[in-house]
There are 2 protein chains.
Amino acid sequence: MKMLYHPDRAEIHLSSVLNALSDPIRLLIASEIRKSYEPTCGTIDVPVVKSTLSHHTRTLREAGVVNVRVQGTQRFLSLRTEDLELRFPGLLSSILDAFEASDEKKELMNAH
Amino acid sequence: MKMLYHPDRAEIHLSSVLNALSDPIRLLIASEIRKSYEPTCGTIDVPVVKSTLSHHTRTLREAGVVNVRVQGTQRFLSLRTEDLELRFPGLLSSILDAFEASDEKKELMNAH
DNA sequence: TCTAAATTTCGATTACTATCGAACAATGGA
DNA sequence: TCCATTGTTCGATAGTAATCGAAATTTAGA
């Protein structure tokens, strides 16, 4: 049983969160997580190979954006909505709402 | 008279804005601009040398976060508050409010 | 025209990061 | 126990970026 590092709420840093979400692929991952309830890595539809997806989910986890719940060989992903809302009010919603309204999402999906 | 590139409002991309603001120095610069009305590069208090500051203001400008107004040898900086609010509602405020409430700002000032 | 002031550009260095494929690890089921 | 599934780690590569000091640029003023 492997221990996955998740920063405590107080350890979540703004610049790390923004950095994690400044990559279009990671924005897409976060957006997919918000849409589907607790997807696994395997069900997330992103235009990269699985090792790259793994790298991105790790970045999101270590920044404090996502929580990873291990069950068997699967990892269930969820956004740390409450922690982020308490620490940076309004931030996550404004980012994901903006992303979903933007062209960036569509361009990524087309590349796939 | 040099032309400085500023993206049109519609050309401002979310990932570029987040990337620009994911650097602590640039968060500090944006925070200083919001506080003081149209500061020049020379009056902004950041713990880097002037050529590095120039690099950062360029990044912020090209991402569409700041407007640079040239007057003589000085460049007056302002946030593109209205453009950003129209394109990404609530985003800039939530970022800068979070930054100013955080420890990250204090740590940067101490390093100076 | 010369000089000082404000800022940028350039060159170099160092460090990080996105990506892939291959190998590895862990789990659950046949 | 063997195998398929799920996901991570590793090694390599290529691109990007933060930083500094020195040199260049641009403008205002003496």
- Just grab all the salt bridge (charged side-chain N to carboxylate O under 4.0 Å, His left out) pairs involving residues 62-71 of chain A, residues at least two apart or on different chains.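 Only A:Glu38-A:Arg69, A:Arg58-A:Glu62 qualify under salt bridge (charged side-chain N to carboxylate O under 4.0 Å, His left out).
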- Summary of salt bridge (charged side-chain N to carboxylate O under 4.0 Å, His left out) pairs that have at least one residue in residues 83-92 of chain A, sequence neighbours excluded: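 Applying salt bridge (charged side-chain N to carboxylate O under 4.0 Å, His left out) to every pair that reaches into residues 83-92 of chain A, excluding sequence neighbours, yields A:Arg9-A:Asp83, A:Arg80-A:Asp83.
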Tell me if a side-chain donor or acceptor on [X] pairs with a main-chain N or O of [Y] at a distance below 3.5 Å.
{"X": "B:Arg61", "Y": "B:Tyr5", "answer": "yes"}
{"X": "A:Thr57", "Y": "A:Ser54", "answer": "yes"}
{"X": "B:Ser94", "Y": "B:Leu91", "answer": "yes"}

- Excluding sequence neighbours, so at least two apart, what forms salt bridge (Lys or Arg N to Asp or Glu O under 4.0 Å) with B:Asp23?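 Partners of B:Asp23 by the salt bridge (Lys or Arg N to Asp or Glu O under 4.0 Å) criterion come out as none, since no residue qualifies.
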Could you go through residues 13-21 of chain A and list every donor-acceptor pair under 3.5 Å that involves a side-chain atom there, pairing it with any protein atom two or more places apart or in another chain?
{"unit_1": "A:His13", "atom_1": "ND1", "unit_2": "A:Glu11", "atom_2": "O", "d": "3.1"}
{"unit_1": "A:Ser15", "atom_1": "OG", "unit_2": "B:Glu104", "atom_2": "OE1", "d": "2.7"}

- Message: Tell me whether the side-chain N/O atoms of B:Arg75 come closer than 4.0 Å to OP1 or OP2 in C:dT8.
- Response: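 So the side-chain polar atoms of B:Arg75 do come within 4.0 Å of the phosphate oxygens OP1 or OP2 of C:dT8, strictly under.
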- Is the phosphate of C:dT19, meaning OP1 or OP2, less than 4.0 Å from a side-chain N or O of A:His56? yes
- Query: By a strict heavy-atom criterion of less than 4.0 Å, which residues belonging to residues 11-37 of chain B are in contact with DNA chain C?
  - Reply: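 Contacts with DNA chain C under 4.0 Å: none.
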Got a list of protein N/O to nucleotides 9-13 of chain D N/O distances below 3.5 Å?
{"unit_1": "D:dT9", "atom_1": "OP2", "unit_2": "A:Arg58", "atom_2": "NH1", "d": "3.1"}

- Item | Given C:dT7, D:dT8, D:dG21, the nucleotide with the shortest approach to the side chain of B:Thr40 | C:dT7
- Any Lys/Arg nitrogen of B:Lys35 or B:Glu100 sitting under 4.0 Å from an Asp/Glu carboxylate oxygen of the other? no
- Message: Using whole Å, what does the distance between atom C1' of nucleotide C:dT7 and atom CZ of B:Arg69 come to?
- Response: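 Taking CZ of B:Arg69 and C1' of C:dT7, I get 16 Å after rounding.
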